[in-house]
Amino acid sequence: MKSLHRAWIVAAVAFVAIIGAAGFRATPGVLITPLEDEFGWTRGTISLAVSVNLMLYGLCAPFAAALMDRFGMRRVVACALLLVAVGSGLTVFMTASWQLVALWGVLVGLGTGSMALVFAATLTDRWFVRHRGLVTGVLTAGGATGQLIFLPVLAHLAEMQGWRWASVTVAGAALAVVPLVWFLLRDTPEEIGLTALGATEPVVRTPAKGAAARAVRVLRDAARTRHFWYLAVGFAICGASTNGLVGTHFIPAAHDHGMPETTAASLLAVIGVFDIAGTVFSGWLSDRVDPRLLLVVYYGLRGLSLLVLPQLFAATTEPSMLVFIVFYGLDWVATVPPTVALCRRIFGADGAVVFGWVFASHQVGAAVVATVAGVTRDHLGNYDLAWYGAGVLCLIAALMSSRIVTRVRDRREAAILVG
């Protein structure tokens, strides 16, 4: 009987690690109303902390990819989980909004950003030749799995025991994964005398020096191509319409219409259920279908769904809202596998670091919209303008995606300078 390739064990450990870090990614929507009630902070103020978190979550990604090249995935991911645990745990002692920004925004943002989706891109690049798209989809779905596991639990804890118990739960989950990462994760197959799954010969890897300098150099080179900007701006809109808007504000928006927060949190968790299926299927498709076409379809359908969302909110869960939840879940991060595939095809060996910068744009978009949506709600009394604006932006992202090259032989075209 043929033994299981070690790549699958490494991928399983990474999946659990991503779930461990995903807990705090699920908390903003659950904690906005409790923090508002206890401290009297406006949604704009609380959303600022969310924005800092999302911004750092993205801006760390390219440097994390370079650091993983220099120091190894195991060390970087273990330290990242410790940062998440410390930042989450210390929030129970905060008394002022600046502390929320420092802990929830800065520490947890740095921790989650240091593993994020670039971790999945780096791991699949090193450990898989076969099934890269599929494994990228599965690892990306780890964040959705974390949301599925944590959201109902955190919502229940926040309602029954207080928001501090929710923060402590997330800190404990992140700490629990650290030993698993340290003892079972390996940086490369060559480290233990193996080759990547599907590879015919081992790859000699030299640890890169000057991780920060390499990250900046890769950005400088990639930014000279128009296709990098198509990917980056499109992914910024992706972040704006998921983490920034729906992930942060869906629960308080539903609560504005009379829906209990635990019910709204359960709906957001259902998005996580279908996100798993949608992302894994998208990864499978990315190995077989033009990634550009996938992005056009994903962004276009997402935009149309957001344009109808404001009419679906109600005090109870109507069938039309359930249809939206299922569809949005399938589309949530289905954009990741084709985006990773395009970065790898266009930018070759620098693909993981380029994806780090593209992912940074994802979080910049999320950060901006998280604050803008909160301020919109404070001034207009509802989120309608935010939903409509995000829908239009997604349609623009679909158009830009249609302009990206997808074939290896088009790399010469990809090198054409912008303008």
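The first residue in the sequence is number 1, and the count goes up from there. Keep in mind it's a predicted model, so treat the numbers as computed, not measured.
Note on Asp187 versus Arg75: no salt bridge recorded, every NZ/NE/NH1/NH2 to OD/OE distance being 4.0 Å or above. Using a 4.0 Å cut-off between a side-chain N of Lys or Arg and a carboxylate O of Asp or Glu, Arg164 and Glu38 qualify as a salt bridge.
Inter-residue side-chain proximity for Leu82 and Val178 is flagged as met; some heavy-atom pair is nearer than 4.5 Å. With contacts defined as side-chain heavy-atom distances shorter than 4.5 Å, the pair Tyr383/Thr376 does not qualify. Ile396 places none of its side-chain heavy atoms less than 4.5 Å from the side chain of Tyr299. Taking 4.5 Å as the limit, every side-chain heavy atom of Phe355 sits out of range of all side-chain heavy atoms of Phe347. Taking the side chain as every heavy atom from C-beta outward, Ile271 and Val246 approach each other to under 4.5 Å. Counting heavy atoms from C-beta on, the side chains of Val354 and Cys343 come closer than 4.5 Å. Between Phe128 and Trp8 the shortest side-chain heavy-atom distance falls below 4.5 Å. Using a 4.5 Å heavy-atom threshold, the side chains of Arg345 and Pro291 count as touching.
Of the possible polar contacts, one joining the Gln99 side chain to the Ala96 backbone as a donor-acceptor pair under 3.5 Å is found. The main-chain N or O of Ala232 is found under 3.5 Å from a side-chain atom of Ser361 such that the two form a donor-acceptor pair. No donor-acceptor pair closer than 3.5 Å links the side chain of His227 to the backbone N or O of Ile346. Side-chain N or O atoms of Asn53 include one that pairs as donor or acceptor with a backbone N or O of Trp104 at under 3.5 Å. Asp384 contributes no side-chain N or O that, together with a main-chain N or O of Pro310, makes up a donor-acceptor pair within less than 3.5 Å. Under a 3.5 Å cut-off, the side chain of Thr263 and the backbone N or O of Met259 do not form any donor-acceptor pair. With hydrogens and angles ignored, the 3.5 Å screen pairs a side-chain donor or acceptor of His379 with a backbone N or O of Val375. Remark: side-chain polar atoms of Ser402 are paired, donor with acceptor, to backbone N or O of Leu399 under 3.5 angstrom. Trp229 places a side-chain N or O within donor-acceptor distance of the main-chain N or O of Ala223, the cut-off being under 3.5 Å.
The CG atom of Leu309 sits 8.5 Å away from atom OH of Tyr328, with the distance rounded to the nearest 0.5 Å. Annotation: the span from Leu342 atom CG to Ile404 atom CD1 amounts to 5.5 Å, rounded to 0.5 Å. To the nearest 0.5 angstrom, Leu100 atom CG is 9.0 Å from Leu31 atom CG. Atom OG of residue Ser286 and atom CZ of residue Arg132 lie 13.5 Å apart, to the nearest 0.5 angstrom. For the atom pair Leu231 CG and Leu295 CG, the distance stands at 7.5 Å (nearest 0.5 Å). For the atom pair Ser88 OG and Leu103 CG, the distance stands at 9.5 Å (nearest 0.5 Å).
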Check the pair Phe313, Phe250 against ring pair (Phe, Tyr, Trp, His ring centres under 6.0 Å), reporting the backbone distance first and the verdict last. CA-CA 10 Å; Phe313 284 110; Phe250 179 84; 5.7 Å; yes
Apply side-chain hydrogen bond (donor to acceptor under 3.5 Å, both in side chains) to Glu261 and Thr33, showing your working. CA-CA 9 Å; Glu261 289 190 354; Thr33 301; 2.7 Å; yes
List the steps and the verdict of side-chain hydrogen bond (donor to acceptor under 3.5 Å, both in side chains) for Ser97 and Thr45. CA-CA 7 Å; Ser97 59; Thr45 298; 5.9 Å; no
Under the side chain to side chain contact (heavy atoms under 4.5 Å, CB included) rule, what do Met55 and Gln363 come out as? Steps first, then yes or no, please. CA-CA 5 Å; Met55 186 81 73; Gln363 296 308 114; 6.0 Å; no
Side chain to side chain contact (heavy atoms under 4.5 Å, CB included) between Arg377 and Leu385, worked out: CA-CA 9 Å; Arg377 165 59 174 76; Leu385 184 61; over 6 Å; no
Run the numbers on His362 and Phe359 for ring pair (Phe, Tyr, Trp, His ring centres under 6.0 Å), then give the verdict. CA-CA 5 Å; His362 181 280; Phe359 180 70; 5.4 Å; yes
Evaluate the side chain to side chain contact (heavy atoms under 4.5 Å, CB included) criterion for residues Val76 and Phe119: first the C-alpha distance (whole Å), next the side-chain angles of each, then the deciding distance (0.1 Å), finally the verdict. CA-CA 10 Å; Val76 173; Phe119 176 34; over 6 Å; no
Using the rule given for salt bridge (charged side-chain N to carboxylate O under 4.0 Å, His left out), can you reason through Asp69 versus Arg126, listing the C-alpha separation, both sets of side-chain angles and the distance that settles it, and then say yes or no? CA-CA 10 Å; Asp69 281 346; Arg126 293 182 180 185; 2.8 Å; yes
Give the intermediate values and the outcome of side chain to side chain contact (heavy atoms under 4.5 Å, CB included) for residues Tyr230 and Ser401. CA-CA 6 Å; Tyr230 291 149; Ser401 298; over 6 Å; no
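Across all non-hydrogen atoms, the minimal contact from Ile237 to Met400 is CD1-CE, 4.1 Å. Across all non-hydrogen atoms, the minimal contact from Arg6 to Leu194 is CB-CD1, 3.5 Å. Heavy atoms only, all atoms of each residue included: Trp127 and Ala7 are closest at CE3-CA, 3.5 Å. Nearest approach of Leu81 to Ala17, heavy atoms of both residues: CD2-O, 3.9 Å. The two residues Val92 and Val168 make their nearest non-hydrogen contact at CG1-CG2, 3.7 Å. When all heavy atoms of Leu139 and Phe15 are compared, the pair lying nearest together is CD2-N, 3.7 Å.
Ser282 and Tyr298 form a side-chain donor-acceptor contact under 3.5 Å, judged by distance and modelled atom types alone. Using modelled atom types, one finds a donor on one side chain and an acceptor on the other under 3.5 Å when comparing Arg302 with Ser241.
By the 6.0 Å contact criterion, CH2 on Trp41 is enclosed, its count of non-hydrogen atoms from other residues, nucleotides or ligands being greater than 12. The local environment of CH2 in Trp182 is crowded, with over 12 non-hydrogen atoms from other residues, nucleotides or ligands closer than 6.0 Å. Within a 6.0 Å radius of NE2 in His156, no more than 12 heavy atoms belonging to other residues, nucleotides or ligands are found. The environment of OH in Tyr388 is crowded: more than 12 heavy-atom neighbours from other residues, nucleotides or ligands sit within 6.0 Å.
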